[in-house]
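Everything on this sheet refers to the single structure shown next.
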Amino acid sequence: MNYEGRLNPTVRDIRPSGIRKFFDIVSEMPDAISLGVGEPDFPTPWGIRDYSIKMTQKGYTQYTSNRGLLELRREIAEYLESRFNISYSPETEVLVTVGASEAIDLALRCIVVPGDEVLVPDPAYVSYQPNVQLVGGVCKPVTMKMEDDFRMRADVLEAAITEKSKALILPYPNNPTGAIMGKEDLEKIAEVVRKHDLFVISDEIYGELTYGQDHVSFASLPGMRERTVVVSGFSKAFSMTGWRLGYAAAPKEISDLLFKVHQYTIMCAPSLSQHAGYFALKSGKADGYQSVLDMKKEYDMRRRLLVSEFNKMGLTCFEPKGAFYVFPRVKSTGMGGNEFAEKLLYSKKVAVVPGDAFGESGTDFIRCSYAASMKALETALTRIRDFIGG
Amino acid sequence: MKKLHLDILKILKDDSRTTAARIAVMLGKAEAEIAAAIAAMEENGTLLKYTTVIDEEMLGQDNVQALIEVRVSPMYSHGFDAIAGDLTAFDEVKSLYLMSGGYDLAVFIEGKSLREVAMFVSEKLSVMDKVLSTATHFILKKYKVEGVACCRGSSDKRLVIQP
């Protein structure tokens, strides 16, 4: 079979993941401590698992409505309204997806026409750029800096915009930096978005994980709802990563298109996951989202520990107020993030993710996840301290 | 009990070696405030002891541990406290709880041998005033102690590196 020149060059030309190499190495080191895990270290709360087991036993394994179980969509709509002050019709504006990942893909497919420019933060989650490329879009990086606490600046965004700019991906709280954007920060971005009539894909998957201040949804700002697809899900807040359950909330005009693609490519999100998600929101509403609060409290302690310790050992680390990552700069060691991560792994068996896996702006940084036990974090910190000191 | 005290206790329960300085960082408080709170809890008896959780199978010793269900006749105006006080005094008694249900006191004891435990029950416990009956159950294997699984090996099922 002659593959050369016959398979899709768009896919072929997508850059391989920068973390793949590390994954392969760390996988061969069973005693390495990994601070490179991008999912919670808490299991899905037992009540959710138990409910799903019961629904499995009762045989709720059929396809659901393409848009997702109506009772789940109602809970999602109510959750978004009560938690983040954004209002969507569960019947026509909420779509249940296979993780937030599918929602991002759908949003790009429905908004981007080949040749459109999509403004993508740098550094940011590894999937945005490939997703933009897959729909024929052109990525325009919007650089973020530690000096700004990795918040997106309106003037930097403005400078990246051209007549071909169509959409902005706005992921806050942010992976890999842990940065958040407060209301005032977002309002400045909203001015630019309004001025250039951009669409916004607001990835709010870490919206429950903020420390010291509440998350503000971009769609809650005046004039932004009509142009924003809010993407979120159950992975981080409810520790339901493997359940693959997310959602897109958008005005009907956009949601109808998202639905069309979803209907033909996915049919529906996994039915048992949907039932589990319904229980997660319903029970969370009843107990004040206690499982989320407990998890957040634990993360907060770990966050403070890492920020303090990294700064003490000379790796300047701004204080992130979201997600479960810290993003210290390793330049003071004379190494870039890639070299630092590789040498640390081989000499001390501690795995971190090089910052440049998330974009060029991350070159001098490493991403450390604190979705790990306090014991693992303390051991890793001791080894990193030794590595730097040695 | 203040929220701060509860937060401190939760950390110490997980690792009692955690210093006041470290707890201060984790909770975003001043070290002096944490140290004072810990001292107050030691003073008022909230914090009774700093200890360890050990997987005793790793020690290779033949110590015997047992749970003894004890039914007693409580004393008028003293309830169960008097007999509980007497039982607490025995070194062999490691834990003692007043229980609801089919018996009154759960007594956890430890001895060097089965015979030693049996002798404790027959010569010291059963003969005590107000003890109506005892039922001894020997602990054969511990799977989880104080929230910690005793088996070795990582239970982390996550992929080692993820974006």
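In this text, all values refer to a predicted model and were calculated from it rather than measured experimentally.
- The pair A:Lys296-A:Asp300 fails the salt-bridge criterion, with no side-chain N (NZ, NE, NH1 or NH2) lying under 4.0 Å from an Asp/Glu carboxylate O.
- For the residue pair B:Lys112 / B:Gln61, no side-chain donor-acceptor distance below 3.5 Å is found, with atom types taken as modelled.
- Looking only at atom types and distance, the side chain of A:Asp356 has no donor-acceptor partner in the side chain of A:Thr363 under 3.5 Å away.
- Both the backbone and the side chain of A:Ala371 come within contact range of chain B, each with at least one heavy atom under 4.5 Å from a heavy atom of that chain.
- Contact annotation for A:Val126: only side-chain heavy atoms (C-beta onward) come within less than 4.5 Å of a heavy atom of chain B.
- A donor-acceptor contact closer than 3.5 angstrom is absent between the side chains of A:Asp24 and A:Ser27.
- Listed by first and then second residue, the ring-ring contact (aromatic ring centres under 6.0 Å, His included) pairs involving residues 305-327 of chain A are A:Phe150-A:Phe318, A:Phe150-A:Phe327, A:Tyr206-A:Phe324, A:Tyr206-A:Tyr325, A:Tyr299-A:Phe324, A:Phe327-A:Phe365 (not counting sequence neighbours).
- When side chains are defined from C-beta on, A:Asp203 does not count as touching A:Leu170, because their heavy atoms never get closer than 4.5 Å.
- Within the 4.5 angstrom heavy-atom criterion, no atom of A:Lys375 approaches chain B.
- Annotation: residues 348-355 of chain A contacts chain B through A:Ala351, A:Val353 [non-hydrogen atoms, separation under 4.5 Å].
- More than 12 heavy atoms of other residues, nucleotides or ligands shown are found within 6.0 angstrom of CG on B:Asn63.
- Contact detail for A:Leu35 and A:Ala372: the closest heavy-atom pair is CD2-CB, 4.5 Å.
- With 3.5 Å as the limit, one finds a donor-acceptor pair spanning the side chains of B:Glu42 and B:Tyr50.
- With a threshold of 4.5 angstrom between heavy atoms, B:Ile23 does not approach chain A through any atom at all.
- The part of A:Met374 that comes within reach of chain B is its side chain, from C-beta onward, which places non-hydrogen atoms under 4.5 angstrom from that chain.
- Looking at A:Arg367, only its side chain comes within 4.5 Å of chain B, counting heavy atoms on both sides.
- Looking at A:Tyr125, the atoms closer than 4.5 Å to chain B (heavy atoms on both sides) all sit in the side chain, from C-beta outward.
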